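This one's a predicted model, so the numbers in the text were calculated from it and none came from an experiment. Order of the sequence lines sets the chain letters (A, B, ...), proteins ahead of strands, with each chain counted from 1.
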Amino acid sequence: MAKEITSRAENYSQWYNDIVKKADLAMNSAVRGCMVIKPNGYAIWENMQAQLDKMFKEAGHVNAYFPLFIPKSFLSKEAEHVEGFAKECAVVTHHRLKNDPHGSGLVVDPEAKLEEELIVRPTSETIIWNTYRDWIQSYRDLPLLINQWSNVVRWEMRTRPFLRTAEFLWQEGHTAHATQKEAIEEAEKIHEIYARFAEDFMAMPVIKGRKTENERFAGAVETYTIEALMQDRKALQAGTSHFLGQNFAKAFDVKFLDQNNQEAFVWATSWGVSTRLVGGMIMTHSDDEGLVVPPKLAPLHVIIVPIPKPAPAINEVAEKLLQGLKAKGVKVKYDHDEKKRPGFKFAEHEMKGVPIRIGIGKRDLERNVVEVARRDTKEKTSVPIDGIIDYVETLLNDIQTNLLKKAKGFRKDHMHTADDFETFKQIIESDGGFVLAHWDGTQETELRIKELTKATARCIPIDNLQEEGQCVLTGKPSKERIVFAKAY
RNA sequence: CGGGGUGUAGCUCAGCCCGGUUAGAGUGCACGUCUGGGGGGCGUGAGGUCGGAAGUUCGAAUCUUCUCACCCCGACCA
């Protein structure tokens, strides 16, 4: 049978689509631009959620929920914010349908027009800050550290599963602070949490940095970002954390009295990661055989396959492994389907990215071993049944570590520096990847570089090396290199 | 909103130009059977408003007109 996954070399975006489909992560829905996240994909998101939620709570945040709908007038209160989102909003104008008097089904009842139109939230700053006004009176109400798990809608022209969809799932944190310093520290703390999550759980190395003015969130004073490198050597913005200054406090009149009975506007942050992370995970680790999932996010750690099919002696060993592994918290299943052949099962579980496969056959049992295959390297080893539980536990850790190491190696191989524009352009056009280059700090130059090369300023790395240099385009003096790349 | 394209079985598509038996294939699905250490073979079977409407015609998946939906390229966004 022909291979069902297009190779990365042949067509990278087709490869991505094939993985999403063959690993049963998601499918296109009847609604344009919106996907159905299938159980296998949703389980990965749930694992991400569980871990992030734990990290937020450890940092003192609590969850709440705000409305899906935002009155149109709210959105326009912060000038830059409205400009950033106005072009991609879904708008609710009516609240009732009726039968068409001409008999062609349901129509919008023109008499049910809303007095004020409602926007389906593209993000919740406005509704939240309008609410915070009522919650905050005193410095004793601060800091206010709230997170929300929700869906948002941004009416995108071109969509791709997980990476950019019209509706997506995310978390959005919104915090209020008494001082600027504290708010900046909050944004930085979340930035750090995102980076740690990406590396420790997704095994996805990221560059931590600040956005240039041009790439900043609409309404933010400073945007912190984590940027990852995908296998097509394009950058993926994987999570952002914003210091909002007093912009929203002023727009929504959120003031508090400090210890000295002085009235002041509060300082704000907001931050979010979305189901886009699933896309990032796919493109960081997967190969031409299918999905590869880091064990810490895997819906299933181990699949046991009887060879050639279930039989009493095999079932007995499988049952022993199931019990032993489950007791250690390993997520394991026995594929006892009698209708499918072992080869089919191997391919199927590989496509779905199960980190470890254990094959049990008659030949193995004669030697008191089972065959352990790891998804990341495809190595197969015969392991004595006696020590199998410990072996699997260790191997899961090894896989997690190896994936990060491999991804770091890949990023290193595609991290370039450029000191003149010809080199810069040539790197972007040939290898791609991240290019570190001096920049004169102007929005004009940044836009010109984008125009000429399609590469954008991804970020100004945190703790960036300070060195004298000249802007790669204009030759004007510069004090540090920033990261450029073609981006998703 | 421009330019191009596609709608036929769950999915991928052939058939249309040049109208004419009961509309096909692969895959998937169901059942049986032989297999069995990397996506098996054979057999049987279920599955269709041919996107929709109107028209031309003795006769339309096929021709004409209208219409709806979706996809690709661009614009927009990242």
Side-chain angles (χ1 to χ4, degrees), chain A residues 1-6 11 13-14 17-18 21-24 27-34 83-89 103-105 122-123 152-160 162-166 168 211-212 214-218 223 225 227-228 230 234-240 272 274 276 279-280 288-290 303-311 314 335 337-352 357-367 369-373 375 378-382 446-447 450 454-459 484-488:
Chain A
M1 179 171 272
K3 279 190 81 156
E4 298 184 31
I5 296 174
T6 308
N11 183 342
S13 16
Q14 191 56 48
N17 291 338
D18 288 351
K21 185 176 171 188
K22 300 307 290 186
D24 225 12
M27 60 185 284
N28 287 323
S29 71
V31 184
R32 192 197 125 89
C34 298
E83 196 180 326
F85 287 104
K87 280 172 284 184
E88 48 184 10
C89 285
S104 58
T123 179
V152 286
V153 168
R154 297 180 186 175
W155 212 262
E156 302 287 355
M157 290 291 196
R158 277 174 77 53
T159 60
R160 301 191 64 193
F162 294 110
L163 298 171
R164 174 173 286 109
T165 46
F168 56 92
K211 284 292 191 188
T212 60
N214 192 46
E215 297 281 332
R216 218 172 268 158
F217 175 73
T223 288
T225 179
E227 299 282 327
M230 304 293 100
K234 280 166 75 175
L236 184 79
Q237 176 180 302
T240 48
S274 71
R276 177 179 245 203
D288 290 348
E289 261 54 61
I303 186 73
I304 302 174
V305 179
I307 299 166
K309 64 179 180 183
I314 294 173
D335 189 345
D337 189 336
E338 302 208 15
K339 298 289 181 182
K340 290 176 181 152
R341 299 155 57 84
F344 183 88
K345 291 176 181 176
F346 293 173
E348 191 178 38
H349 297 298
E350 245 160 42
M351 283 193 298
K352 291 189 177 174
R357 181 185 74 235
I358 299 180
I360 310 175
K362 204 163 37 164
R363 280 193 329 237
D364 302 306
L365 294 185
E366 279 162 11
R367 295 163 47 217
V369 298
V370 291
E371 183 193 74
V372 177
R375 178 63 184 87
K378 310 227 183 56
E379 283 169 303
K380 290 193 271 196
T381 323
S382 285
E446 190 183 339
L447 292 173
K450 181 179 178 181
K454 300 262 194 295
T456 50
R458 298 322 306 153
C459 68
F484 286 91
K486 282 192 194 167
Y488 272 94

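Residue A:K87 contributes atom NZ, which lies 12 Å from atom C1' of B:A78 at whole-angstrom precision. When the C1' atom of B:A78 is taken as reference, atom CH2 of A:W155 falls 18 Å away, rounded to whole Å. Taking atom CZ of A:R276 as the reference point, atom P of B:A78 lies 10 Å away to the nearest angstrom.
Across all strands shown, B:A60 has no partner, as no Watson-Crick or G-U wobble contact with both distances under 3.5 Å is found. Across all strands shown, B:C50 forms no Watson-Crick or G-U wobble pair with both key distances under 3.5 Å. In a base pair of the Watson-Crick type (N1 to N3 plus N6-O4 or O6-N4) or a G-U wobble (N1-O2 and O6-N3), with each distance short of 3.5 Å, B:A25 is matched with B:U12. Across all strands shown, B:U44 forms a Watson-Crick or G-U wobble pair, both distances under 3.5 Å, with B:A30. Partner assigned to B:G74 is B:C1, using Watson-Crick or G-U wobble distances below 3.5 angstrom. Across every strand in view, B:G36 sits unpaired, with no contact that passes the Watson-Crick or G-U test at under 3.5 angstrom. Figure legend. B:U6 is base-paired to B:A69; pairs are counted as Watson-Crick or G-U wobble with both atom distances under 3.5 Å.
Residue side chain A:K345 does not reach the base of B:G37 through any donor-acceptor N/O pair under 3.5 Å, judged by distance alone. Evaluation of atom-type donor-acceptor distances gives no pair under 3.5 Å for the side chain of A:R341 against the base of B:G37. A donor-acceptor contact under 3.5 angstrom links the side-chain atoms of A:E350 to the base of B:G38.
Remark on RNA chain B: of its neighbouring residues A:I360 and A:G33, the 5'-side contact belongs to A:I360, judged by nearest-heavy-atom nucleotide.
Taking the P atoms as reference points, B:A46 lies 26 Å from B:G40, given to the whole Å. When the C1' atom is compared between B:C70 and B:C29, the two are found 26 Å apart, to the nearest whole Å. A distance of about 8 Å separates the P atoms of B:G51 and B:U62, rounded to the whole Å. Nucleotides B:G24 and B:G37 are separated by 39 Å at their C1' atoms, to the nearest Å. The P atoms of B:A25 and B:U33 are separated by 26 Å, rounded to the nearest whole Å. Taking atom P in both B:A69 and B:A53, the straight-line distance is 16 Å, to the nearest Å. Rounded to the nearest Å, the gap between the P atom of B:U64 and that of B:U22 is 25 Å. To the nearest whole angstrom, the two P atoms, one in B:U65 and one in B:G5, are 15 Å apart.
Atom CZ of A:F484 and atom CD of A:E446 lie 6.5 Å apart (nearest 0.5 Å). A:K211 contributes atom NZ, which lies 7.0 Å from atom OG1 of A:T456 (distance to the nearest 0.5 angstrom). How far OG1 of A:T225 is from CZ of A:R458: 7.0 Å, rounded to the nearest 0.5 Å.
Distances were taken from every side-chain heavy atom of A:R158 (C-beta onward) to each of B:C70, B:G37, B:C73; the shortest belongs to B:C73. Checking B:C76, B:C71, B:C11 against the side-chain heavy atoms of A:M157 singles out B:C76 as nearest.
When the options A:I307, A:I360, A:T381 are evaluated for a side chain to side chain contact (heavy atoms under 4.5 Å, CB included) with A:V370, the one that passes is A:I360. Across A:E289, A:R357, A:K352, a single residue satisfies side chain to side chain contact (heavy atoms under 4.5 Å, CB included) together with A:R375, and that is A:E289.
The side chain to side chain donor-acceptor pair (under 3.5 Å) search around A:D335 returns A:H349, not counting sequence neighbours.
If you check every strand for non-hydrogen atoms under 4.0 Å, A:M351 touches a base. Across all strands, A:K22 comes closer than 4.0 Å to no nucleic acid atom at all (heavy-atom distances). A:R154 comes within contact range of no nucleotide atom at all, as no heavy-atom separation falls under 4.0 Å. In this structure, A:K362 reaches the bases: a heavy-atom distance under 4.0 Å links it to at least one base atom across the strands shown.
At B:G39, none of the side-chain N or O atoms of A:K340 fall inside 4.0 Å of OP1 or OP2 (strictly under the cut-off). The side chain of A:R32 contributes an N or O atom lying less than 4.0 Å from OP1 or OP2 of B:C71.
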